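Right, one structure below, let's go through it.
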Amino acid sequence: MKLVVLCALVAAAAAWPNFGMMADSPGGASDAQKQHDVNSILWKVYEEIRDPHLKELSQTFDPLSGHYDDDGVSARRLMQELNDERLLEQKHWFSLFNTRQRQEALMLYDVLEHSTDWDTFAGNAAFFRVRMNEGEFVYAIYAAVTHSPLTQHVVLPPLYEVTPHLFTNSEVIQEAYKAKMTQTAAKIKSHFTGSKSNPEQRVAYFGEDIGMNTHHVTWHLEFPFWWDDTHEDHHIERKGESFFWVHHQLTVRFDAERLSNYLDPVNELHWDDMIYEGFAPHTMYKYGGYFPSRPDKVHFEDVDGVARVRDMLILESRIRDAIAHGYFTGKDGSVISIRDSHGIDVLGDVIESSTYSPNPEYYGSLHNTAHVMLGRQGDPHGKFALPPGVLEHFETATRDPAFFRLHKYMDNIFREHKDSLPPYTKEELEFPGVTVDSVSLSNRLETYFEDFEYSLINAVDDTTDIEDVPISTIVSRLAHKDFTATGVITNSNPTEVMATVRIFAWPKYDNNHVEFSFNDGRWNAIEFDKFWVKLAPGQNSITRSSKDSSVTVPDVPSFQTLIDKANEALSSGSDLNLDEYVSGLGLPNRFLLSKGKSEGMTFHLVVFVSDGSKDMAVEGLHESTSFNHYGCHDGTYPDKRSHGYPLDRRVDDERIITSLGNFKAMDVEVYHVEKEE
Ligand SMILES: [Cu+2]
């Protein structure tokens, strides 16, 4: 079991000291009621509200009469925009990267975030749902439920069942419409985009995985680039570093998947080079037509109203220059050193860029602009009035293999910075008296593909007069057999010590079966787990199940399950018990192992045990090893060390690490089997 317990506890104490009182405040509602309302407000979001109470609220609630902690400033502003008819129409595409559309979505987010009781929150949600663009509305609800203290225990329904268009192929959507029109129940098989003539299709199961896409969207919701401390109530700690790490892990995982499919790791994309790989998304907007395609081998073009290719090269060289100098220059000319373990955080803020960037006027917004630039290459001058490309939505971005090329490009910039830091010394890395004697696995590591079904009910148009027929799709997805790792660790100190256990693995060989050097391998290390244990004097046997990995989360319950659970809890007065699903931040647990090969794929597995008393940022970590690994948007990240420690810095002499008693390495084979046994 894993959840945000640690972050949440810290958050409740630090950020919202009044939360305990809020639950009893007028208009307070039970968690089950809130879950029910959030379910109902997102159900069939392009259609009329079905819940009678919320439907009535949508007509009777007055946003100006709500209770707010900003004196109603946000509500008055949005009402003004609404009354002036300035807001984006309904049944139109929405993109977060469209500045005006984002502002509108965030105006609603502000209203919800400043609502101090549930009546106000739910009333606003109902009122604006029938008056604002649906895409903006969904984004605002997801962001508000993620960040509002009122909704700490609410589980957001899986996005792939709320807005299925962004997660499945247009062919499947068309079948779903047909099923609805003919009132025939359907289970539609989804296929990955493309054909066997395209080698990239071999790894489409990764870029198109709905769980991985949900993880990606969730990260960007919990760590939004638009988050502004002067406006919000707290600072999100290590946001820039987390931006680096979450994308770095996607990048190295994608390369490992490629190797298991006999493909070379991706090359970086570059502005003055060709975009070799074209892409046909086979995906459509609910409203706004098909996502644009891009042929093979096109040169980057300037995109009207976004940026010129030359601008991108200039931004890149300014950032590389700062890395070479070891400092960024702030808006006021101040020197912001990055030659230390915090430098990565600043660099991440600059590259994304987020509002935390110290000088966006000078360093620009490399990542966000690049997403739009790349997304528009199919229609750079707007001649064909195409809607935004897949790269302009976190839900769909990884479907395009160019996403990983773009992120490899940025990952290499991050590496340039990490390589500018001195390697860790033996003294920094050792854990006196602690030795990892052995590491063993309970069973053969196996991956396979399994079928997963999810509902498309929310994809199709609807009317209250006609009953729903069940419509779902079946996707094939990567999974693995569970396993348990056992480590025997000796503590020869006279007293108990706290230890941080860090587990990584990297593909041992490249596509030509040449072994990666330690230094290249460690940069490509996939993080498998991190947890804290107390080691008694003498020998300790530590077991850890793959199910507990802190980098993963369990599958989110289906939308229907969430509806049933909330209704059940409401009618019986029982607890919701959905806490383990509160954050979807983390890879799906079934994705923990990357795909093996039928003859076995060799990974170099490393276990590093560091001194927990020096690493821990929060007390009591050994009691609850579950935490939000990819960062804590509302609390303190439990680990003081850099993400990826101790493999994040260059290793000039690998013996410094490999000779340590608190380090253990071994080769493991991952087998891919065709059917689950
Ligand atoms: Cu991203």
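This one's a predicted model, so the numbers in the text were calculated from it and none came from an experiment. When a ligand or atom number is given, it counts from 1 through the structure's own listing order.
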- Message: Checking one value in my table: which N/O/S atom of His247 lies closest to the Cu ion (ligand 1)?
- Response: NE2
- Heteroatom N/O/S of His367 within less than 2.8 Å of the Cu ion (ligand 1): no
- How about His220: does one of its N, O or S atoms come closer than 2.8 Å to the Cu ion (ligand 1)? yes
- Looking at Tyr46, Trp93, Phe94, which hits ring-ring contact (aromatic ring centres under 6.0 Å, His included) with Tyr287? Tyr46
- Could you tell me whether Arg294 sits above the aromatic face of Phe279, with NZ or CZ closer than 6.0 angstrom to the six-membered ring centre and within 45 degrees of the axis? no
- Item | Cation over ring face, Arg253 and Phe206, 6.0 Å, 45° | no
- Ring centres under 6.0 angstrom apart (His247, Phe414): no
